[in-house]
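Computed from a predicted structure; not experimentally measured. Note that these values count all heavy atoms, side chains included, but never hydrogens, waters or copies made by symmetry. Residue numbering restarts at 1 for every chain, and letters A, B, ... go by the order of the sequence lines.
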2 protein chains.
Amino acid sequence: MHAFQFSSRLVPELTEKLCSRYRVLQRIFLHQPIGRRSLALLLGISERILRADVELLKEQGLIDVGPVGMHVTDSGATLIKELDDVIRYLDGRHELEAKLRDVLGIARVVVVPGDSHKDDSVTRDIGYAAGRVLLEYLHEHCTIAVTGGSSLAMLADVIPRPVQPQSVVVVPARGGLGERVELLANTIASRLAERLGGTYRMFHVPESLSKSTAETLAMEPLIQEVVEHIRAADIVVHGIGEALTMARRRKLDAMTISELQAKGAVAEAFGYYFDADGHIIHVMGTVGLRLEDIAHIPVVIGVAGGAGKAQAIRAAAQAYRIDALVTDEGAGNSILQAYESSKFHTEG
Amino acid sequence: MHAFQFSSRLVPELTEKLCSRYRVLQRIFLHQPIGRRSLALLLGISERILRADVELLKEQGLIDVGPVGMHVTDSGATLIKELDDVIRYLDGRHELEAKLRDVLGIARVVVVPGDSHKDDSVTRDIGYAAGRVLLEYLHEHCTIAVTGGSSLAMLADVIPRPVQPQSVVVVPARGGLGERVELLANTIASRLAERLGGTYRMFHVPESLSKSTAETLAMEPLIQEVVEHIRAADIVVHGIGEALTMARRRKLDAMTISELQAKGAVAEAFGYYFDADGHIIHVMGTVGLRLEDIAHIPVVIGVAGGAGKAQAIRAAAQAYRIDALVTDEGAGNSILQAYESSKFHTEG
DNA sequence: TTCCGCCGGGACATTTATAGTCCCAATGGC
DNA sequence: GCCATTGGGACTATAAATGTCCCGGCGGAA
């Protein structure tokens with residue numbers, strides 16, 4: 001790997017060009033089939049400059065171009081996989097990941113390039129990367145619990161289809177949390193199960209429940225059976241959200257929102273709201289996975305990107321155990337920045 | 001390493017630049033201190049284009065430029081070593097080496113870029129590479145036998161000086177063989193010993209001897225002692241020459257030369273002349289290392305470059321065991337070409 | 001000491017590569 | 001059958017790379 005360090009002293013522009021071409025290829029892969037102009041827009045580069053790259057990629061047999069757009073060839077896909085680690089080193093993401101592991105106390109951190117806060121198409125990369133991470137942890141007859149949210153929805157859309165169907169069960173981690181249908185845990189569970197070739201369990205529970213109703217419901221045998229299945233999940237994949245954004249999206253009443261604000265809520269995950277130190281501020285009233293169940297689930301994967309989610313990710317990392325975090329440069333850099341300045345204030 | 005294979009598909013033009021810049025740095029290293037214009041002439045590229053490279057190398061702190069010329073810095077030397085293998089892959093020499101190992105039945109083949117037949121300065125690279133190979137096999141109190149010839153002379157001139165003197169003994173493999181003094185085995189042995197910080201034994205024997213005189217001489221205790229030392233050498237480094245060129249250079253009489261021609265002599269090594277199949281055609285009448293001694297010497301290193309020596313190298317490889325061969329692309333490609341066409345004729 | 005050759009570096013015209021901007025025929029989804 | 005989007009071609013403006021000189025200086029040989 002460090003041979004690249006030396007090479008880039010002889011050809012300094014190598015690193016840049018290699019990374020940018022890789023990025024082009026990677027984006028084609030994630031959005032195929034896609035046209036030249038749309039892609040240029042996506043990458044934020046001029047059409048002409050992209051064209052030069054595209055012509056080269058075509059020449060090298062890494063992509064095919066047709067009337068419907070471009071798509072990567074098998075050898076292109078191989079190249080993407082093989083160079084993944086190299087690019088990670090070259091653009092400094094490897095270093096960023098190491099620092100994040102340290103700061104957040106998360107054993108595994110995967111950072112994808114870009115900032116989904118500024119560039120929507122980055123969420124696709126996050127979803128794909130998270131999908132690959134999930135696939136690594138998969139095993140026979142395992143249960144995967146998923147939450148809702150746009151990150152998880154994207155994951156279910158773009159996760160690479162395994163060569164042969166997996167004997168997995170996908171369950172929603174909690175009941176419906178008042179979002180758009182395509183972002184609901186139930187929807188995502190079914191889509192993910194379809195992509196993996198496994199089965200899924202639905203979990204139809206009304207959104208906002210009073211405490212007593214929730215308890216009554218939880219006693220129902222059918223519900224109870226699913227809930228127990230959920231709590232015994234082998235892997236849980238969840239999104240991490242900004243507290244207030246999520247509160248508004250779920251149309252919480254004004255009083256609750258102002259209470260959250262007052263108590264300094266910054267993060268949301270599994271329907272729990274946390275302050276900056278990871279303390280629970282509020283819990284949504286729906287049944288399913290509880291925070292204390294996390295401790296017994298072998299693999300907890302968190303997915304969240306965008307500079308705006310930096311604080312939320314830090315809070316979540318303090319609130320409960322996360323085994324693997326998939327995020328983007330925007331969030332990663334922002335987290336480190338916040339950490340550095342907080343360290344400065346603490347020390348000073 | 002194979003990550004470079006993939007990278008070079010994404011940035012082919014930079015791979016080329018990497019190789020050419022490496023070559024520039026390498027040549028500065030081998031000829032330092034050297035000026036811009038001389039170097040351009042040496043590399044066969046225009047002065048201006050070299051200048052761009054030189055400016056970059058200077059910027060990167062890989063070379064220093066002074067009024068006497070350019071020389072590589074320590075970090076430049078490190079880079080040369082670290083990237084040696086990478087460049088070997090990228091410019092296809094690694095593949096060439098593998099094929100040559102196969103075709104010649106030589107366990108280790110080192111190929112340097114260029115063709116010393118067309119470009120004299122390549123002999124310097126060969127010498128340096130051979131020097132590095134020799135250094136690898138060196139051990140305490142070992143005896144190195146060397147032959148004469150321009151390749152060996154260059155080796156003795158440019159072999160990297162070990163950080164601390166080596167307790168080696170350098171001996172000439174055979175007596176004087178009628179060449180210019182700087183190409184004589186004796187001269188080379190002393191120079192090599194000086195570079196390595198070891199000692200050397202001289203071997204003063206007249207050039208052309210009748211059989212009886214040689215036998216008488218061989219009985220002399222002083223001579224005999226050196227000869228035994230030679231025959232017990234741990235490493236022998238030798239040049240391989242074209243038969244007729246060597247014969248003429250040594251001013252053999254016309255009759256012998258035409259006899260060599262008639263019998264199809266193509267190669268010369270250790271004073272032996274071989275035909276294309278490796279059969280001995282003629283032996284120079286001087287004492288020292290005999291071909292049958294080779295079998296008992298642990299390490300036999302052959303050095304020869306230039307397309308013109310292809311046939312000679314093939315013949316030598318068949319005639320006796322060679323453990324390591326140091327050559328250049330010119331010879332290497334030429335050998336493979338000849339092999340392919342001979343295979344074609346045999347099969348067809 | 002003097003002279004000659006090679007040294008690096010500056011300057012500038014020319015060529016070549018690169019990037020921006022349109023346009024067009026063709027194809028596929030609706 | 002229409003419309004949007006596709007890839008590819010063409011042309012120009014601009015930037016970069018390159019060829020070709022020149023100059024003052026330092027070092028080694030005479």
Side-chain angles (χ1 to χ4, degrees), chain A residues 8 10-73 76 120-121 124 157, chain B residues 8 10-73 76 120-121 124 157:
Chain A
S8 61
L10 277 183
V11 195
E13 67 268 32
L14 178 135
T15 306
E16 245 178 281
K17 279 207 174 170
L18 184 61
C19 289
S20 74
R21 293 228 176 104
Y22 181 86
R23 202 157 134 259
V24 171
L25 186 62
Q26 159 94 355
R27 285 298 174 91
I28 295 174
F29 182 68
L30 286 177
H31 294 85
Q32 60 191 334
I34 188 174
R36 200 192 333 130
R37 270 168 279 256
S38 327
L39 185 58
L41 211 66
L42 208 65
L43 290 160
I45 59 180
S46 95
E47 182 198 328
R48 194 60 183 77
I49 203 166
L50 170 68
R51 191 166 167 178
D53 285 346
V54 160
E55 268 161 11
L56 184 127
L57 293 177
K58 190 173 58 177
E59 217 169 76
Q60 293 287 325
L62 299 170
I63 61 172
D64 275 344
V65 286
V68 291
M70 308 174 277
H71 67 269
V72 316
T73 62
D120 280 342
S121 75
R124 218 180 172 85
D157 270 2
Chain B
S8 62
L10 277 184
V11 271
E13 76 275 19
L14 297 188
T15 304
E16 264 173 63
K17 274 198 183 178
L18 182 61
C19 289
S20 75
R21 294 226 175 105
Y22 182 86
R23 200 156 137 260
V24 171
L25 186 62
Q26 160 94 356
R27 284 300 174 90
I28 295 175
F29 182 67
L30 286 176
H31 293 85
Q32 59 189 333
I34 188 175
R36 202 201 321 137
R37 270 169 279 254
S38 327
L39 185 58
L41 210 66
L42 208 65
L43 290 161
I45 58 180
S46 92
E47 182 199 327
R48 194 60 183 77
I49 203 165
L50 171 68
R51 191 166 168 178
D53 285 347
V54 160
E55 268 161 10
L56 183 127
L57 292 177
K58 189 173 61 178
E59 216 170 75
Q60 294 286 325
L62 299 170
I63 60 172
D64 276 345
V65 285
V68 290
M70 309 174 276
H71 67 268
V72 318
T73 62
D120 280 341
S121 75
R124 220 181 171 85
D157 270 4

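The OG atom of B/S38 sits 8.0 Å away from the CE atom of B/M70 when rounded to the nearest 0.5 Å. A distance of 11.5 Å separates CZ in B/R36 from CD1 in B/I28, rounded to the nearest 0.5 Å. The structure places CG of A/L41 at 9.0 Å from CD1 of A/I34, a figure rounded to the nearest 0.5 Å.
In this structure, CG of A/L42 is placed 11 Å from P of D/dT6, rounded to the nearest angstrom. The nearest whole Å value for the distance from the CE atom in B/M70 to the P atom in D/dC26 is 19 Å. Distance CD (A/E55) to P (D/dT6): 16 Å, rounded to an integer number of Å. As rounded to whole Å, 15 Å separates atom P of D/dA17 from atom CD1 of B/I45. Per the geometry, CG belonging to B/L39 stands 13 Å off C1' belonging to C/dG8, to the nearest Å. The nearest whole Å value for the distance from the CG atom in A/L50 to the P atom in D/dT6 is 11 Å. Look at CD1 on B/I63: it is 13 Å from C1' on C/dC7, rounded to the nearest Å. The distance from atom CG of A/L57 to atom P of D/dG8 is 13 Å, rounded to the nearest whole Å.
For the OP1/OP2 pair of C/dC7 and a distance below 4.0 Å, the side-chain nitrogens and oxygens of B/S38 include at least one atom meeting the criterion. Proximity of A/K58 to the phosphate of D/dG7: no side-chain N or O atom is located under 4.0 Å from OP1 or OP2.
Residue pairs meeting the side chain to side chain donor-acceptor pair (under 3.5 Å) criterion with at least one partner in residues 52-72 of chain A, sequence neighbours excluded, are A/R21-A/D53.
For the pair B/E16 (side chain) and B/E13 (backbone), a donor-acceptor distance under 3.5 Å is absent. At distances below 3.5 Å, not a single donor-acceptor pair connects side-chain atoms of B/R27 with backbone N or O atoms of B/L43.
The 5' end of DNA chain C is approached more closely, in terms of each residue's nearest nucleotide, by B/V68 than by the other of A/V68 and B/V68.
Counting only heavy atoms from C-beta outward, the side chains of B/T15 and A/L14 never approach each other to under 4.5 Å. A/H31 places none of its side-chain heavy atoms less than 4.5 Å from the side chain of A/L39. Side-chain contact between B/L62 and A/L10 is present, with heavy atoms from C-beta onward closer than 4.5 Å.
Among the atoms of the strands shown, only primed sugar atoms or phosphate atoms (P, OP1, OP2) are found under 4.0 Å from some heavy atom of A/I34.
Taking five base pairs at each end of the helix from C/dT1-D/dA30 to C/dC30-D/dG1 and finding the rotation axis that steps the C1' atoms of four pairs onto the next four gives two axes whose angle is 40°, to the nearest 10°.
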Heteroatom pairs (N/O) under 3.5 angstrom, protein to nucleotides 16-26 of chain C:
| residue | atom | partner | partner atom | Å |
| --- | --- | --- | --- | --- |
| C/dG20 | OP2 | A/S46 | OG | 2.3 |
| C/dG20 | O6 | A/R48 | NE | 3.4 |
| C/dC23 | N4 | A/R37 | NH1 | 3.4 |

